[in-house]
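For reference, the structure discussed in these notes is given below.
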Amino acid sequence: MILKKSELIDGKNIQITGSKSISNRLLILGKLFGNIDMLNLSNSQDTTLLKKALESDSETIDIHHAGTAMRFLTSYYSIFEGRKTILTGSDRMKNRPIKPLVDALQSLGADITYLEKEGYPPLQIIGKKIEKDSVKISANVSSQFLTSLILIGGKLENGLTLELEGEITSRPYLEMTLKILNEIGIKSHFAENTIEILPHPENARIEHYEVESDWSSASYFYSLAAIGRKSINLRSYHTLSLQGDSVIKEIYWKYFGINTVSDYAENSISLLPEPAFEYPELIYLDMNDCPDIAQTLCVTATALKIPFVITGLHTLKVKETDRLVALQNELLKIGGKTHITVEKIESCEFIEPEENISIATYNDHRMAMAFAPFALVKELNIENEDVVEKSYPEFWEDFEEVTKSN
Ligand SMILES: O=C(O)C1=C[C@@H](OP(=O)(O)O)[C@@H](O)[C@H](O)C1
Ligand SMILES: C=C(OP(=O)(O)O)C(=O)O
């Protein structure tokens, strides 16, 4: 899809649907502890796939590229007594690790077999009653493994205690899980390297839940506002968010002068660029807590030619693609020479963008959405633009709504 050189239109309103992470947690919890009537559920493909899986009686469940669905369903089917499930996904999913989660579940007594490569999907899972109540699990590969166990913890007779090994990655996602549990009445304790989930008290549940909109999706509008220096209004956002990616407010204020002003009555926020903002000489950030917005930030900084050093990114290698390599390849096309390590990306030099820019997207929705705002600088092609549907199916309509080509 060619994005012509564009400018931002001032003051447009965009409604983004519910957080994919919150929606996916609620879908699993609803199945385990009683149906939850959800407002503003995410319309992402990942959430739709999870919802369909939970409604399906088929033996084979294919969750395509949906990482959280893959991980959350592994524990869910492990305790689904009497159900045999073949849980599989896309080729990429078959190369995204799941061993720490499967090891933990097996040591709790679950019956899980690898059907192809050891340590990776597809899995055969025979659901059974889990009697044990404590397990060790490595916490530095993906927080989704821990969330998966936490979600079923309250369903086990004696609850579940997790002993986390190694550094904890993507921590706000764990805190989100525990806060949602608390909202439905399941108590937990998280101190140092131990997470304890108490058994679910009988009858505790929530019937209705209004999901706040997705902050990772909002990040692309922060990037547009930062590059285009015009305002955008987004709904439905609250000042207090369960999502770690809401830190985008602070990051884009500090480094790009984008002020986030909330309208409480409307549940909306306005992104207002500070006039005459002085850009920093260097952006130095650890994004271990918010890995999904790293691509957004790297593109904004490159578009504005602000040098950056971003650390804490070791999980990017095992997401929809190796995001560090993908970023390095594609940033070069828009004029950003970078150096990458296993957990870091830093800019080295800004050069002229290519004459005919064509951004490869590597089956990764966030590559497409993160690079789109560069159209405010120069025309570019986004290859396989449909990838956005994984998290934000109407992204291109919304992008068109706030921009006009010139
Ligand atoms: O729990 C979640 O909803 C998520 C956790 C994060 O994954 P990792 O913990 O693997 O970094 C994040 O990248 C993903 O998009 C959603
Ligand atoms: C990493 C992501 O998703 P998942 O791991 O759930 O596939 C994402 O949405 O950026």
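Values in this document were obtained by computation on a predicted structure and should not be read as measured data. Counting starts at 1 for both ligands and their atoms, following the listed order.
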* Between Thr260 and Tyr252, does any side-chain donor sit less than 3.5 Å from a side-chain acceptor? -> no
* Under 3.5 Å side-chain donor-acceptor pair for Ser42 and Ser44 -> yes
* **For His365, atoms of ligand 2 separated by under 4.0 Å from a heavy atom** => 8 (C), 9 (O), 10 (O)
* Asked: Any idea which part of Gln144 is under 4.0 Å from ligand 2, heavy-atom wise: side chain, backbone, both or neither?
  -> side chain
* To do: Answer yes or no: does atom CD of Glu281 have more than 12 heavy-atom neighbours from other residues, nucleotides or ligands under 6.0 Å?
  => no
* Assign the ring pair Phe350 / Phe308 to parallel, tilted or perpendicular, where the plane angle (0 to 90°) is split at 30° and 60°. => tilted
* Asked: Got an N/O contact under 3.5 Å between Ala66 and ligand 2?
  -> no
* Asked: Which is closest to atom 4 (P) of ligand 2 in terms of heavy atoms, Met369, Lys319, Lys390, Arg323?
  -> Lys390
* Where ligand 2 meets His65 - atom numbers and elements under 4.0 angstrom, heavy-atom basis -> 7 (O)
* Return the orientation label for the Trp396 and Phe399 ring planes: parallel under 30°, perpendicular over 60°, tilted otherwise. => perpendicular
* Side chains of Tyr114 and Gln124: is there a donor and an acceptor less than 3.5 Å apart? -> no
* Is it the side chain (CB and beyond), the backbone, both or neither of Thr68 that lies under 4.0 Å from ligand 2, heavy atoms counted? -> both
* Can you find a side-chain donor-acceptor pair between Ser268 and Asp263 that sits under 3.5 Å? -> no
* For this output row, return yes or no: ring centroids of Phe277 and Tyr279 closer than 6.0 angstrom. => yes
* Gly67: numbered ligand 2 atoms lying under 4.0 Å from its heavy atoms -> 4 (P), 5 (O), 6 (O), 7 (O)
* Set of side-chain hydrogen bond (donor to acceptor under 3.5 Å, both in side chains) partners for Glu389, sequence neighbours left out -> Gln45
* Of all the non-hydrogen atoms in the protein, which one sits nearest to atom 10 (O) of ligand 2, and at what distance? -> Arg366 NE, 2.6 Å
* Any side-chain donor-acceptor pair under 3.5 Å between Asp46 and His65? -> no
Enumerate the pairs of nitrogen or oxygen atoms, one from ligand 1 and one from the protein, separated by less than 3.5 angstrom; state names and distance to 0.1 Å.
unit_1: ligand 1; atom_1: 1 (O); unit_2: Arg25; atom_2: NH1; d: 3.4
unit_1: ligand 1; atom_1: 1 (O); unit_2: Arg25; atom_2: NH2; d: 2.7
unit_1: ligand 1; atom_1: 3 (O); unit_2: Ser21; atom_2: OG; d: 2.7
unit_1: ligand 1; atom_1: 3 (O); unit_2: Arg25; atom_2: NH1; d: 2.9
unit_1: ligand 1; atom_1: 7 (O); unit_2: Gln144; atom_2: NE2; d: 3.1
unit_1: ligand 1; atom_1: 7 (O); unit_2: Lys319; atom_2: NZ; d: 3.3
unit_1: ligand 1; atom_1: 9 (O); unit_2: Ser143; atom_2: N; d: 2.7
unit_1: ligand 1; atom_1: 9 (O); unit_2: Ser143; atom_2: OG; d: 2.6
unit_1: ligand 1; atom_1: 9 (O); unit_2: Ser170; atom_2: OG; d: 3.3
unit_1: ligand 1; atom_1: 10 (O); unit_2: Ser142; atom_2: OG; d: 2.6
unit_1: ligand 1; atom_1: 10 (O); unit_2: Lys319; atom_2: NZ; d: 3.3
unit_1: ligand 1; atom_1: 11 (O); unit_2: Ser170; atom_2: OG; d: 2.6
unit_1: ligand 1; atom_1: 11 (O); unit_2: Lys319; atom_2: NZ; d: 2.7
unit_1: ligand 1; atom_1: 13 (O); unit_2: Asp292; atom_2: OD1; d: 2.7
unit_1: ligand 1; atom_1: 13 (O); unit_2: Asp292; atom_2: OD2; d: 3.4
unit_1: ligand 1; atom_1: 13 (O); unit_2: Lys319; atom_2: NZ; d: 2.8
unit_1: ligand 1; atom_1: 15 (O); unit_2: Asp292; atom_2: OD2; d: 2.5

* Asked: Between the side chains of Asn384 and Tyr362, is a donor N or O closer than 3.5 angstrom to an acceptor N or O?
  -> no
* Top protein contact for atom 8 (C) of ligand 2, by heavy-atom distance -> Glu320 OE2, 3.2 Å
* Do any heavy atoms of Lys20 fall under 4.0 Å from ligand 2? -> yes
* ligand 2 versus Arg96, non-hydrogen atoms closer than 4.0 Å: side chain, backbone, both, neither? -> side chain
